[in-house]
Amino acid sequence: MFAHNLVNVFTEKILKKLEMVKKLVAVVMAVLSVVTASAQSADRWRSVNVELMGASSMVGVNYDSRFRAGSPWGYRVGLSWGYSDNDNFFSGGSSSLRAYLAPVAVNYLLGNKRHSLELGFGASLGLCNVHETYFRELEPSTAGEDSFELYGHSRNTFGYYMFGDIGYRFTADNGFQLRVGMNPSFNFGDAHGLKKELFFPYVSFGFAF
């Protein structure tokens, strides 16, 4: 009888401990589910991306952020590099330009957290190194023949262009971000305005957080 009661008491204690373990596991699972759900539904309102073409001219790195979490309005700032060259058939020379620019823009996202239409407007401005080579005529020689020499000249100058962003933005649940679209650009026709294609495509890959 005593042994039977002892077994019952021992069994009851084990069942109580198992019940406590079950409750503890249930609480832990509930907390983990809440944390996971909140992490999946959290707004990723900042991102860093590498952009090819578009406002970055050739390649650039950009930081993009909403003005506040959940807002469709935001901004982008970055650093970019561009290059162009041109051969002058009539002078026999050529010119090249290396641009170190900082694109800055305000943008608006229309859509949901994963898929959205991106509309932006801004300016890209910075330092440009222009290198020109051409043939110039020398004084006639004593033999009466004209002679030429290849002349090179390099200068640094301020440059800019205005641009817009019209494209599609995709942000995955894991933070991967893809942007593709068109980038119309223009300048005011002054000496520092940089010329680009009127509609220049862009693609960028980044991470949102």
Side-chain angles (χ1 to χ4, degrees), residues 26-83 98-128 158-190 192-209:
V27 171
V28 171
M29 294 298 294
V31 171
L32 287 176
S33 63
V34 171
V35 171
T36 303
S38 63
Q40 291 178 347
S41 61
D43 288 332
R44 296 178 180 272
W45 53 288
R46 292 164 292 186
S47 65
V48 176
N49 64 70
V50 175
E51 184 178 58
L52 304 177
M53 300 181 292
S56 295
S57 186
M58 289 191 70
V59 61
V61 178
N62 296 277
Y63 172 77
D64 184 282
S65 175
R66 302 301 88 201
F67 287 114
R68 56 181 175 81
S71 172
W73 288 98
Y75 65 93
R76 59 175 281 184
V77 293
L79 295 173
S80 67
W81 179 82
Y83 174 83
R98 294 165 179 81
Y100 307 89
L101 304 169
V104 180
V106 175
N107 53 47
Y108 183 85
L109 300 182
L110 181 63
N112 56 41
K113 296 175 183 178
R114 288 174 60 87
H115 309 278
S116 57
L117 171 67
E118 177 182 9
L119 303 173
F121 179 77
S124 188
L125 58 163
L127 179 67
C128 299
F158 168 77
Y160 81 94
Y161 52 83
M162 313 299 294
F163 68 85
D165 285 323
I166 306 172
Y168 165 73
R169 178 184 294 204
F170 168 74
T171 304
D173 291 337
N174 62 6
F176 171 76
Q177 189 175 87
L178 170 69
R179 298 169 56 251
V180 291
M182 298 299 293
N183 179 250
S185 64
F186 68 94
N187 61 59
F188 296 110
D190 58 300
H192 299 288
L194 300 177
K195 293 182 179 179
K196 286 180 55 185
E197 298 293 335
L198 181 58
F199 290 99
F200 204 47
Y202 69 85
V203 58
S204 80
F205 306 92
F207 180 76
F209 55 94

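The first residue of the sequence shown is numbered 1, and numbering continues consecutively from there. Because the structure is predicted, anything quoted here is derived from the model rather than measured.
Under a 4.0 Å N-O distance rule, the pair D173/R114 qualifies as a salt bridge.
When the side chain to side chain donor-acceptor pair (under 3.5 Å) test is applied to T171, the partners found at least two apart in sequence or on another chain are Q177. Looking at residues two or more places apart in sequence or on another chain, you find a side-chain contact (heavy atoms from CB on, under 4.5 Å) between P184 and I166, F199. Residues forming a side chain to side chain donor-acceptor pair (under 3.5 Å) with S204 (at least two apart in sequence, or on another chain): R179. Residues passing the side-chain contact (heavy atoms from CB on, under 4.5 Å) test with L117, sequence neighbours excluded: L110, L119. A search for ring-ring contact (aromatic ring centres under 6.0 Å, His included) contacts involving Y108 returns W73, not counting sequence neighbours. Legend: residues meeting ring-ring contact (aromatic ring centres under 6.0 Å, His included) with Y83, ordered by chain and number and at least two apart, are absent. In this structure, R46 has no side chain to side chain donor-acceptor pair (under 3.5 Å) partners at least two apart in sequence or on a different chain. Listed by chain and number, the residues in a side-chain contact (heavy atoms from CB on, under 4.5 Å) with L125 are A123, F158, Y160 (sequence neighbours excluded). Annotation: salt bridge (Lys or Arg N to Asp or Glu O under 4.0 Å) contacts of R76 (sequence neighbours excluded): E51, D165. Qualifying side-chain contact (heavy atoms from CB on, under 4.5 Å) partners for Y75, counting only residues two or more places apart in sequence or in other chains: Y63, S65, F67, V77. Partners of F186 according to the ring-ring contact (aromatic ring centres under 6.0 Å, His included) rule, which considers only residues two or more places apart in sequence or in another chain, are F188. In this structure, R68 has no salt bridge (Lys or Arg N to Asp or Glu O under 4.0 Å) partners at least two apart in sequence or on a different chain.
Atom-to-atom distance recorded for N107:CG and S116:OG is 9.5 Å, nearest 0.5 angstrom.
In this structure, the side chain of N183 engages the main chain of A55 through a donor-acceptor pair within 3.5 Å.
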